[in-house]
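Read the structure below first, then the notes.
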Amino acid sequence: MLLAHHRELLESLREPTPEDPWRVLVSGCLAGWQCGVGGTDYGLGVKLADLLRLPTIRAVPFCPEDHALGTPRTMPDIHDGDGFDVIAGRAKVLDEHVVDLTAKMIEGGRAMVLHAQAARVELAILTDMSAACGSQVISLGCRLVPVRKFQKGVGVATAMLLEGGIVVCSQRDYFTLAKLRERAEPGYVASAEMRDYQEDEWR
């Protein structure tokens, strides 16, 4: 389930401590890994820095695209569906040259699930809009076009994690992230103005 859509799951998480921190799966780029398509972290490494440095959280980074396709690489995007459709064989992952990357993306997603299970993660924070890690929004076909199109949906790795029972939120679910920080950092108070991605007009 997506934490931003099922907030009752926030309260069901155990209390983390420095001795027994939450084990949180994190997209590699959100952890500062230079694993983006062009060999950068897309500037995302700072987005979760305050949260991930808390002693009550142990980040478990992984990049399914880097694992399966390497870095640098061409741009994978889902065509004719979302991550669940890719798993079911109803959609494909193609790059900007129309090379079929479907099998590799499934391989990367499967590796991410195994990595998460081995670490016994309790939740995941993943990079939205990614064909692998997207949880709220992904591209509708190739993004490297004059006018990029979007669709609601999840990436391939996210779909596999959700099927494996691992709850997911994105780096753009600000309310959920703030409530997680409240639980993990005594004294921190989330702003009442923070909102999760789907609470604003969809774009």
Side-chain angles (χ1 to χ4, degrees), residues 1-36 39-67 71 108-109 111-130 132-137 154-155 157-200:
M1 290 187 178
L2 301 178
L3 276 172
H5 296 262
H6 298 276
R7 289 179 176 170
E8 70 278 4
L9 295 175
L10 286 166
E11 300 305 318
S12 69
L13 291 170
R14 67 177 177 85
E15 293 301 318
T17 66
E19 296 74 29
D20 188 14
W22 278 337
R23 299 175 297 278
V24 182
L25 180 69
V26 181
S27 293
C29 53
L30 289 173
W33 287 10
Q34 305 297 297
C35 59
T40 73
D41 68 354
Y42 302 121
L44 295 173
V46 299
K47 294 292 185 181
L48 301 180
D50 289 343
L51 182 66
L52 298 184
R53 71 165 59 102
L54 295 176
T56 48
I57 289 181
R58 180 168 73 84
V60 180
F62 193 83
C63 177
E65 291 184 19
D66 177 67
H67 175 88
T71 301
M112 191 176 208
V113 172
L114 291 174
H115 186 71
Q117 291 172 338
R120 298 182 298 116
V121 303
E122 297 163 271
L123 67 144
I125 305 174
L126 305 181
T127 305
D128 204 15
M129 298 172 66
S130 160
C133 294
S135 61
Q136 293 266 27
V137 176
V154 303
T158 300
M160 290 183 166
L161 290 166
L162 293 173
E163 287 188 345
I166 296 171
V167 295
V168 174
C169 73
S170 86
Q171 87 283 8
R172 303 195 295 177
D173 293 327
Y174 302 114
F175 175 86
T176 295
L177 291 173
K179 298 307 274 187
L180 287 170
R181 187 171 173 182
E182 275 191 342
R183 296 282 308 280
E185 183 181 359
Y188 178 81
V189 178
S191 168
E193 297 179 359
M194 290 184 173
R195 299 163 69 87
D196 285 332
Y197 186 79
Q198 81 281 357
E199 295 178 306
D200 287 321

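These numbers come from a predicted model, not from an experiment.
- Using a 4.5 Å cut-off on side-chain heavy atoms (C-beta onward), R14 and E122 make contact.
- Heavy-atom minimum distance, A184 versus P16: CA-CG, 4.0 Å.
- Here the shortest heavy-atom pairing between A159 and V154 reads CB-CG2, 3.9 Å.
- For the atom pair OG1 of T176 and CZ of R195, the computed distance is 12.5 Å after rounding to the nearest 0.5 Å.
- Across every non-hydrogen atom of C35 and G28, the tightest pair is SG-C, 3.7 Å.
- Between L48 and I125 there is a side-chain heavy-atom pair separated by less than 4.5 Å.
- In this structure the side chain of L25 reaches within 4.5 angstrom of the side chain of L161, judged on heavy atoms.
- Two residues are said to be in side-chain contact when any heavy atoms from C-beta on lie closer than 4.5 Å; L126 and Q171 fail this criterion.
- Between the side chain of T17 and the main chain of D20, a donor-acceptor pair closer than 3.5 Å is present.
- Under the 6.0 Å distance and 45° angle rule, R7 counts as a cation-pi partner of F175.
- At a threshold of 4.5 Å between non-hydrogen side-chain atoms, the residues L44 and T127 count as touching.
- Within the model, atoms CG of L30 and OG of S130 stand 10.0 Å from one another, a figure rounded to the nearest 0.5 Å.
- Remark: side-chain polar atoms of T158 are paired, donor with acceptor, to backbone N or O of G134 under 3.5 angstrom.
- Interatomic distance, CD of E199 versus CG of D173, reported as 8.5 Å (0.5 Å rounding).
- In this structure a side-chain-to-backbone donor-acceptor pair under 3.5 Å is missing from D196 to Q198.
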From CA spacing to verdict: side-chain contact (heavy atoms from CB on, under 4.5 Å), L2, L162: CA-CA 8 Å; L2 301 178; L162 293 173; 4.1 Å; yes
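- Not a single donor-acceptor pair under 3.5 Å links the side chain of S27 to the backbone N or O of C29.
- Closest heavy-atom contact between A119 and R23: O-CD, 3.2 Å.
- Taken to the nearest 0.5 Å, the CG atom of L3 stands 6.5 Å off from the CG atom of L13.
- Atom CZ of residue R172 and atom NZ of residue K47 lie 10.5 Å apart, to the nearest 0.5 angstrom.
- Between S170 and D128, the shortest heavy-atom distance links the atoms CB-CB, 3.8 Å.
- The shortest side-chain heavy-atom distance between V60 and H115 falls under the 4.5 Å cut-off.
- When atom types are taken as modelled, the side chain of E182 and the backbone of V189 share no donor-acceptor pair closer than 3.5 angstrom.
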Evaluate the side-chain contact (heavy atoms from CB on, under 4.5 Å) criterion for residues V24 and R58: first the C-alpha distance (whole Å), next the side-chain angles of each, then the deciding distance (0.1 Å), finally the verdict. CA-CA 6 Å; V24 182; R58 180 168 73 84; over 6 Å; no
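- In the displayed structure, E15 atom CD is contacted under 6.0 Å by more than 12 heavy atoms of other residues, nucleotides or ligands.
- Residues M194 and S191 are in side-chain contact: their nearest non-hydrogen atoms beyond the backbone lie under 4.5 Å apart.
- A pairwise comparison of heavy atoms in Q136 and A4 identifies NE2-CB, 3.8 Å as the closest pair.
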If you apply the rule side-chain contact (heavy atoms from CB on, under 4.5 Å), what do you find for V168 with L123, and how did you get there? CA-CA 6 Å; V168 174; L123 67 144; over 6 Å; no
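- Note: L114 CG to M160 CE = 10.0 Å, rounded to the nearest 0.5 Å.
- The shortest side-chain heavy-atom distance between L10 and L180 falls under the 4.5 Å cut-off.
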When you look at Y197 and V137, which way does the side-chain contact (heavy atoms from CB on, under 4.5 Å) test go after all the steps? CA-CA 9 Å; Y197 186 79; V137 176; 3.4 Å; yes
